[in-house]
Asks: 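Sharing a structure here in structure tokens format.
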Amino acid sequence: MKVSALLATPSELTDTASSKCAVVLMTRIRLARNLAGQPFPGWCREAQREEVLARCREALAASAPMKRSVNSAVGELSELERQILVERHLISRELAGTKHAAGLVINRDQTVSVMINEEDHLRIQVLRAGFQLKKAWTQIDGLDTELEERLDYAFDPAFGYLTACPTNLGTGMRASAMMHLPALVISSQMEKVVRAVNQLGMVVRGLFGEGSDASGSIFQISNQTTLGESEEAILKRLGSVLQSIVEHELNAREKLLEADASKLFDKIGRAYGILQNCHQLSSSEAMNLLSLLRLGIDLGLFPEPTRALTDRLFIEAQPGHIQVAAKNDLEPAHRDALRAERIRQEFANVARPDFSLHPKT
Amino acid sequence: MPSSLKCDLCGKPATVHLTQIVNGKMHKVDLCEACAQAKGVTDPGGFSLADLLLKASLNPEAVGAESSVAAQGAACPACGFTPSDFKKQGRFGCPRCYQTFAGMVAPMLENMHKGVRHAGKIPEKALRRRSLVERVAELEAALAESIKTERYEDAARLRDELARARREAADPGGNAEPELGTSPAAPRR
């Protein structure tokens with residue numbers, strides 16, 4: 001299977017009907033694994049990297065869950081294809097930018113992606129729409145166990161799975177949720193939340209991981225520690241932190257409605273107006289407008305089917321996806337025009353917001 | 001005396017003091033204005049205290065002499081990695097490094113994680129397979145030794161055991177059909 005075919009196939013993130021959760025957009029779990037007796041990718045000679053790449057690709061190709069996958073060296077992909085995979089959260093920016101022997105294996109519905117020779121020999125990831133920690137763990141645990149039949153993992157009884165960076169030792173597991181927290185952002189509570197979450201041993205990042213900004217009020221929250229606890233214990237702890245963030249966000253929404261609903265509705269109404277009529281739209285403005293629209297859906301101002309549309313556009317309004325739709329290289333300004341055109345069309349038939357459910361205004 | 005605190009990253013006077021409590025253990029990081037900005041500590045987009053602690057623990061001037069085990073030491077026999085490489089990269093060279101530099105790793109982990117011992121999943125199949133491979137190697141050595149010292153009775157016994165171990169190593173699950181024509185396996189000693 002080719003990457004181009006993959007992009008045309010329905011995927012968990014862009015075509016799922018199951019993203020009904022108001023606050024958690026998606027759940028991800030990744031496992032860091034390395035082969036015994038081989039230097040980590042950052043300390044490998046090129047020939048060793050090639051060998052690791054070949055062995056891992058072969059083992060993945062032979063595993064049942066990864067049948068009919070894209071199984072490719074990074075070098076075989078165009079720059080644009082790599083960018084699109086980054087925008088779909090299937091590979092990291094680091095892997096996309098590497099000049100060394102590295103690879104990726106992604107299954108058909110794009111719930112599983114495996115990076116080879118990123119920071120570790122293997123970075124296995126499962127991605128699920130909505131709040132699905134348990135389901136994601138069951139899926140990734142199964143694949144990991146199957147790979148273990150063909151690959152000798154570097155493991156130590158005391159340190160657990162051995163990883164290039166000691167911050168990943170033990171389980172090698174990072175579980176995260178992508179959360180949409182517009183009300184906490186509007187009411188300036190995010191800093192407080194970040195601090196509290198940090199104190200509970202969890203980390204908050206922007207949409208595309210470390211160092212990225214939180215456009216569209218989307219944040220990633222994940223476990224910080226990996227050693228000294230079982231996977232189940234980490235997931236349980238993370239799950240309860242996420243649950244309490246969801247509650248805080250919903251409370252903040254209530255408060256915004258009580259305090260000044262017209263201010264909030266003004267933002268949402270304007271966002272709708274721009275999405276339906278814009279002719280120039282940058283990707284960060286698009287993210288922020290879509291974020292407000294999604295909040296409007298949660299508040300019942302727009303019909304439920306609009307949710308799948310906004311969730312899909314969160315991904316498809318990204319630069320690489322716009323570029324691919326244009327089928328040739330674009331200047332950023334031209335890209336903004338194309339993005340606007342695309343979004344205008346998508347929103348042409350979305351009904352006006354119905355504010356009557358909230359009679360206070 | 002707050003004025004005496006130095007930035008854990010660059011050693012300038014620290015004005016930002018962070019405390020995190022993980023599992024009842026308190027972790028502190030002191031930073032100057034510039035490093036705090038650079039690390040996004042003030043930015044709700046988030047920062048990772050673990051990263052800061054890791055980097056701080058690699059800066060011996062700022063943290064004190066005890067963690068400068070990283071100072072000068074032997075290279076990893078498997079991959080040639082040295083403690084100063086770790087200081088530069090914050091990553092190790094190969095799985096064996098964790099054994100080579102165990103003395104350096106242990107104090108780091110206390111600040112970094114909830115515990116210092118793995119409590120999660122174990123790759124049982126891989127470990128079982130590895131122990132079978134090791135057993136084959138052991139038996140091969142014993143067989144060679146018994147032939148060399150002309151202990152032929154032992155050699156015959158070891159040869160049978162080796163054949164069995166090889167079969168098992170090739171098929172750790174034991175799903176394969178028993179081979180025809182071989183004598184039934186002798187009971188395990």
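Proteins come first, then strands; the chains are lettered A, B, ... in the order of their sequence lines, and each starts at number 1. The shown structure was predicted, so the numbers you read here are calculated from the model rather than taken from an experiment.
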Asks: Please give me the minimum heavy-atom distance between A/Pro166 and B/Gly90, naming the atom from each residue.
Replies: CD-O, 3.9 Å

Asks: Does any non-hydrogen side-chain atom of A/Thr163 lie less than 4.5 Å from one of B/Tyr98?
Replies: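 When only atoms from C-beta onward are counted, A/Thr163 and B/Tyr98 do touch, with a gap below 4.5 Å.
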
Asks: Please check: side-chain N/O of B/His118 versus main-chain N/O of A/Glu229, any donor-acceptor pairing under 3.5 Å?
Replies: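 The answer is no, because no donor-acceptor pair under 3.5 Å joins these two groups.
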
Asks: Return the minimal non-hydrogen interatomic distance between B/Pro95 and A/Gly37, and the atom names on each side.
Replies: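 B/Pro95 and A/Gly37 have their closest heavy atoms at CG-N, 4.5 Å.
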
Asks: Looking at A/Asn34, A/Asp141, A/Leu35, which has the largest count of heavy-atom pairs under 4.5 Å with chain B?
Replies: A/Asp141

Asks: Relative to chain B, which of A/Gly172, A/Ser230, A/Ala233, A/Cys44 shows the most heavy atom pairs under 4.5 Å?
Replies: A/Ser230

Asks: Side chains of A/Thr145 and B/Lys121: do they bring a donor and an acceptor to under 3.5 Å?
Replies: yes

Asks: With rounding to the nearest 0.5 angstrom, report the CD to SG distance, A/Gln48 to B/Cys94.
Replies: 10.0 Å

Asks: Given a strict heavy-atom distance threshold of 4.5 Å, which part of B/Arg117 is in contact with chain A: side chain, backbone, both, or neither?
Replies: both

Asks: If you count heavy-atom pairs under 4.5 Å with chain B, which of A/Phe159, A/Phe155, A/Trp43 comes out on top?
Replies: A/Trp43

Asks: Can you name the residues that form a side-chain contact (heavy atoms from CB on, under 4.5 Å) with A/Ala164, not counting sequence neighbours?
Replies: A/Phe40, A/Glu119, A/Asp120, B/Arg91

Asks: Can you tell me how far the OH atom of A/Tyr161 sits from the CD1 atom of B/Ile122, to the nearest 0.5 Å?
Replies: 8.0 Å

Asks: Under the salt bridge (charged side-chain N to carboxylate O under 4.0 Å, His left out) criterion, do B/Lys125 and A/Glu148 qualify, and how do the steps go?
Replies: CA-CA 7 Å; B/Lys125 285 183 191 164; A/Glu148 186 190 291; 5.8 Å; no

Asks: I'd like to check B/Lys114 versus A/Leu227 (side-chain heavy atoms, cut-off strictly below 4.5 Å). Are they in contact?
Replies: no

Asks: Rounded to the nearest 0.5 Å, what separates atom CG in B/Asn111 from atom OG1 in A/Thr225?
Replies: 13.0 Å

Asks: Which atoms of A/Arg195 come close to chain B, meaning under 4.5 Å heavy atom to heavy atom: side chain ones, backbone ones, both, or neither?
Replies: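 It is neither, since no heavy atom gets under 4.5 Å.
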
Asks: Quick check on the interface: out of A/Gly170, A/Pro41, A/Ala36, A/Gly42, who has the most heavy-atom pairs with chain B under 4.5 Å?
Replies: A/Gly170

Asks: Would you indicate whether the side-chain heavy atoms of B/Phe92 and A/Leu162 approach each other to under 4.5 Å?
Replies: no

Asks: Show every donor-acceptor pair shorter than 3.5 Å between a side-chain atom in residues 52-60 of chain A and any protein atom, with sequence neighbours excluded, or say none if there are none.
Replies:
unit_1	atom_1	unit_2	atom_2	d
A/Arg57	NE	A/Asn71	OD1	2.7
A/Arg57	NH2	A/Asn71	O	2.9

Asks: Counting only heavy atoms not in A/Glu46, do more than 12 fall under 6.0 Å of its CD?
Replies: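 For A/Glu46, atom CD is crowded (more than 12 foreign heavy atoms under 6.0 Å).
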
